[in-house]
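Everything below concerns the one structure shown next.
Computed from heavy atoms alone, side chains included, the values below leave out hydrogens, waters and symmetry copies.
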Amino acid sequence: RRRRSSRSSNEHHASQSSWSGASAHTSAGTGTAAAAMIVVLAVTLLGATAPSAVSAGWIDPDTPEEMKTTMSLVDKTEYELVMSDEFNVEGRSFKDGHDKMWTALDKSDDDYSASGGGSLHFYNSSAVTTVDGMLKIASYIEPTRWTRLDPVDKKSVEEKKDYKSGMVQSWNKMCFTGGIVEVDVIMPGDPFIGGLWPAIWILGNLGRSTYEVSTNNIWPWSYNTCDRKKQEAQALSACNRQNHYGMHPYQGRGATEIDIIEGMMGDSNGPLPDTNPNITLPYVDMTLQVAPGIPLNRPQTGHAPLKEAVLTSKGQEQFAAQTWYDGLEFYGNTSLNPFFYGTYLAETKKGEPVTRTKKEAFQADAVGAMHQLTPSHFKRMHTFRIEWQPGPGGRIDWFTKAHKVNETHSIEGDGKGTDWVKAFTLKDESLSSLMGSQIPNEPSYLIMNTAISSTWGFPYDTPAWCERCYDCSNSTCSCAFNPGFCNMMRKGVAMYIDHIRVYQSKDDSAHVGNPHTMGCDPPEYPTREYIKGHEYRYMRQPPFGFYDKLPLKEVKAGGGKCKVDNDCGCNITTSDSDPNETEPDESEGRPPSKCLSGRGQCVTNVAAGRFFGQGPAQVCKCNKGFSGPNCLSIDHIDDSPSAYAMELEKNLLANVPKVLFTPFTLVLVIVFIVSFIGSFIAVNINKRREDKEPISLPSESQRLVTGRSI
């Protein structure tokens, strides 16, 4: 800066200090005034101007435009697509923390209790991937061994499962209540060899499939009436004044189950008894599993319910009339299923993964149908659909595609036709009039899996000398298998799914039942706070869960090992090399290629890699809108209302007023702008005045006093 020398040094310093102080004061005043106005504006506008987040939703961008809507086959109105996965991207991983919508399990199936029993498989996430535009769930022979602590004997127990398979679920990620679900599937294995248990189904978010602690006395309750005799058996009863953890008082809750399809394979050597029309193996179950179930006088397994008592020749009652649900509607090649009427969840025994007392034991019913399959179901895609109208007054309808053989006859679901055919209808009146239960109204998630269970499709009439073991490498176990099962499993089998889509109604008045909703934590049926309060129930048990801190891991966005951009979902690169190359040319010293478009790019791993000798040298970096270690998944954003989030916001902002734009707000904005402009002009005028003052050199004496040179 130039110094003013027409004054003494003291005057100069005083003047300089005075000018600096004035400037500082003016600037500070301006800054303070501006800051104050900003604070006032921020508080004034809080909650009124914050934009809502832009959501990627749950729709796969690969879904064809013409599939964005569909017509209900029941109410004949248009439904909108709200969720889809086309599985078109090759090599996706569904391991925990790799996908925003799905989680493939890495754990043993806990189904070995008194109420279930028989799981022979270990779920492994590596068995689930995408190939040729389809989801592939593989099943094969590969033993898994581990050691666990027996809670009763306090000793280490060696465990073994002889098979690996896959389960993928959208638990606590993507949930919905009501609507249409449509899925294209190729069934796994050989249609005439029993032992596989493929399924595509829906479960209430309060229960996590295979985590039996989470479903104990929760599955499959759909009962919103206070009954003191049933209160202990239903963990979240309508009798409870306070259910805690965000649950509404006096609201009965549960984890209800809707089975879109469950496959049963094998050779029945003719029609199965008491099926009408005649059904043979293989077939699929279409079922609602619900509690409370019918406690007494139930139909006998393998026989249709007796609607009237059977009398002897002398008029005495030989067989009493049996109680089952009325009003069930079956169409085409579909019959009532007389082989599975439900499950009795008894008092548990020592060593089981859950505890259930005698008073907590209860009956669950399987209200379902069996639909005929053909060999073509195991060779090409077939389409299945349900239409679910939730809650009291609702209904569930199962559909499949039809193939017209001639003018008068059709076979449902062989994949050659395009016409929908109804298979089974279950209305709420059938449930409420008998047991007081209701069509499910719970926020629910999708599950796709193939199980292997000794209670499903395995021989049940083995000779007394037969050792019931299930190791294909042990010849003494051969009598416990269906012929050809081990050979089939040695080759490996898989269920393939081309797509799965969910549609919901745009008009709540157009359908029966309650409105359709999206989200795992809707305000009317919250789940998130309950799950957070009982996280241990939804987590893996030792030794698999030693390092698990939460039920679900945070989904990664990049970080996967790569060599070229194509490893990160990029189809176009800027390099001059062939885009199909698999390895960059390090000798030329060129950097990894950069992605112009696509899902991500391969970049140098600065955090580790070459610098610290840890981790891969190159990792994926995801473009906006994509996630997963290799950027192969959509970065879905759930923007549905959350009861837990709303409660947090309510508590945090309870004392902060929300003021919308008013004339007073407008005046504040104008005053702020005028004050800021006025202060800015004043500062600039002062600076110009100072710059116009004459400049002179100080005298010799002044230089001596100040000790400074010019």
Item to check | Donor-acceptor pair, side chain of Asn224 and main chain of Gly252, under 3.5 angstrom | outcome: yes
Next on the checklist: Working note: Met539 + Glu535, criterion side chain to side chain contact (heavy atoms under 4.5 Å, CB included); need CA distance, chi angles, decisive distance, verdict.
Outcome noted: CA-CA 7 Å; Met539 297 173 67; Glu535 285 181 338; 4.3 Å; yes
Item to check | Thr63 side chain vs Pro61 backbone, donor-acceptor pair below 3.5 Å | outcome: no
Next on the checklist: Please report whether the SG atoms of Cys620 and Cys631 are separated by less than 2.5 angstrom.
Outcome noted: no
Checklist entry - Short question: side chain of His248, backbone of Pro523 - any donor-acceptor pair under 3.5 Å? => result yes
Checklist entry - Would Asn240 and Tyr250 count as having a side-chain donor-acceptor pair, cut-off 3.5 Å? => result no
Item to check | salt_bridge(Lys68, Glu65) N-O dist < 4.0 Å | outcome: yes
Item to check | Atom CE of Met71 with >12 non-hydrogen neighbours under 6.0 angstrom | outcome: yes
Item to check | Whether Phe680 and Phe676 hold their rings parallel, tilted or perpendicular, with breakpoints at 30° and 60° | outcome: parallel
Checklist entry - Hey, does the side chain of Asp635 reach the backbone of Lys624 with a donor-acceptor pair shorter than 3.5 angstrom? => result no
Next on the checklist: For the backbone of Tyr79 and the side chain of Thr69, can you confirm whether one donor and one acceptor N or O come within less than 3.5 Å of each other?
Outcome noted: no
Next on the checklist: Whether Arg540 engages the ring of Phe544 as a cation-pi pair (distance to the six-membered ring centre under 6.0 angstrom, angle to the ring normal within 45°) should be assessed.
Outcome noted: no
Item to check | Salt bridge flag under 4.0 Å for residues Arg385 and Glu387 | outcome: yes
Next on the checklist: For Trp171 and Tyr538, take the angle between the two ring planes, folded into 0 to 90°, and tell me which bin it lands in: parallel under 30, tilted 30 to 60, perpendicular over 60.
Outcome noted: parallel
Item to check | Side-chain donor/acceptor of Tyr503 to backbone N/O of Glu78, under 3.5 Å | outcome: no
Item to check | Steps toward side chain to side chain contact (heavy atoms under 4.5 Å, CB included) verdict (Gln169, Met167) | outcome: CA-CA 7 Å; Gln169 53 183 231; Met167 170 183 280; 3.4 Å; yes
Checklist outcome for this item: To the nearest 0.5 Å, atom CE of Met134 lies from atom CD of Glu90 at 9.0 Å
Next on the checklist: Is it the case that the ring center of His516 lies less than 6.0 angstrom away from the ring center of Phe176?
Outcome noted: no
Next on the checklist: Tell me whether Glu66 at atom CD has more than 12 heavy atoms from other residues, nucleotides or ligands lying less than 6.0 Å away.
Outcome noted: yes
Item to check | Expected output: side-chain Asp96 to main-chain Thr103 donor-acceptor under 3.5 Å | outcome: no
Checklist entry - Should the heavy atoms of other residues, nucleotides or ligands under 6.0 Å from NZ of Lys100 be counted, would the total exceed 12? => result yes
Item to check | Residue pair Ser505, Asp507: steps toward the side-chain hydrogen bond (donor to acceptor under 3.5 Å, both in side chains) verdict | outcome: CA-CA 5 Å; Ser505 176; Asp507 181 6; 5.9 Å; no
Checklist entry - Any donor and acceptor pair, going by atom type alone, linking the side chain of Gln242 with main-chain N or O of His244 inside 3.5 Å? => result yes
Checklist entry - For the side chain of Arg253 and the backbone of Pro526, is there at least one donor-acceptor N/O pair under 3.5 Å apart? => result yes
Item to check | Arg528 versus Tyr245, side-chain donor and acceptor atoms under 3.5 Å | outcome: no
Next on the checklist: Within the 4.5 Å heavy-atom criterion, are Phe94 and Thr130 side-chain neighbours or not?
Outcome noted: yes
Checklist entry - Can Ile500 and Met448 be said to form a side chain to side chain contact (heavy atoms under 4.5 Å, CB included), step by step? => result CA-CA 10 Å; Ile500 187 164; Met448 298 173 283; 4.2 Å; yes
Next on the checklist: I'd like to know whether Cys562 forms a disulfide bond (SG atoms under 2.5 Å apart) with Cys602, so could you lay out the CA-CA distance, the side-chain angles of the two residues, the decisive distance to 0.1 Å, and finally the verdict.
Outcome noted: CA-CA 6 Å; Cys562 63; Cys602 190; 2.1 Å; yes
Item to check | Distance-only donor-acceptor check, side chains Ser84 and Asp60, under 3.5 Å | outcome: no
Checklist entry - What's the verdict on disulfide bond (SG atoms under 2.5 Å apart) for Cys568 and Cys622, showing C-alpha distance, side-chain angles and the deciding distance? => result CA-CA 8 Å; Cys568 306; Cys622 297; over 6 Å; no
Item to check | Asn630 versus Asp567, side-chain donor and acceptor atoms under 3.5 Å | outcome: no
Next on the checklist: Distance check, rounded to the nearest 0.5 Å: Glu529 atom CD versus Asp521 atom CG?
Outcome noted: 8.5 Å
Item to check | Salt bridge flag under 4.0 Å for residues Asp85 and Arg92 | outcome: yes
Checklist entry - Can you find a pair of side-chain heavy atoms, one from Asp106 and one from Lys95, that are under 4.5 Å apart? => result yes
Item to check | Verdict with supporting geometry, His499 and Glu182, side chain to side chain contact (heavy atoms under 4.5 Å, CB included) | outcome: CA-CA 8 Å; His499 69 259; Glu182 183 181 306; 3.7 Å; yes
Item to check | Heavy-atom closest pair, residues His98 and Ser93 | outcome: ND1-OG, 2.7 Å
Checklist entry - Are any side-chain N or O atoms of Arg599 and backbone N or O atoms of Leu632, one a donor and one an acceptor, separated by less than 3.5 Å? => result yes
Checklist entry - Counting only heavy atoms not in Lys561, do more than 12 sit closer than 6.0 Å to its NZ atom? => result no
Checklist entry - Can you name the one residue among Trp102, Phe626, Trp58 that meets ring-ring contact (aromatic ring centres under 6.0 Å, His included) with His636? => result Trp58
Next on the checklist: For the NZ atom on Lys173, are there more than 12 heavy atoms of other groups (residues, nucleotides or ligands in this structure) within a distance under 6.0 Å?
Outcome noted: yes
Checklist outcome for this item: Minimal heavy-atom distance between Tyr445 and Met174, with the atoms involved, is CB-O, 3.7 Å
Item to check | Pair Thr77-Asp75, side-chain donor/acceptor within less than 3.5 Å | outcome: yes
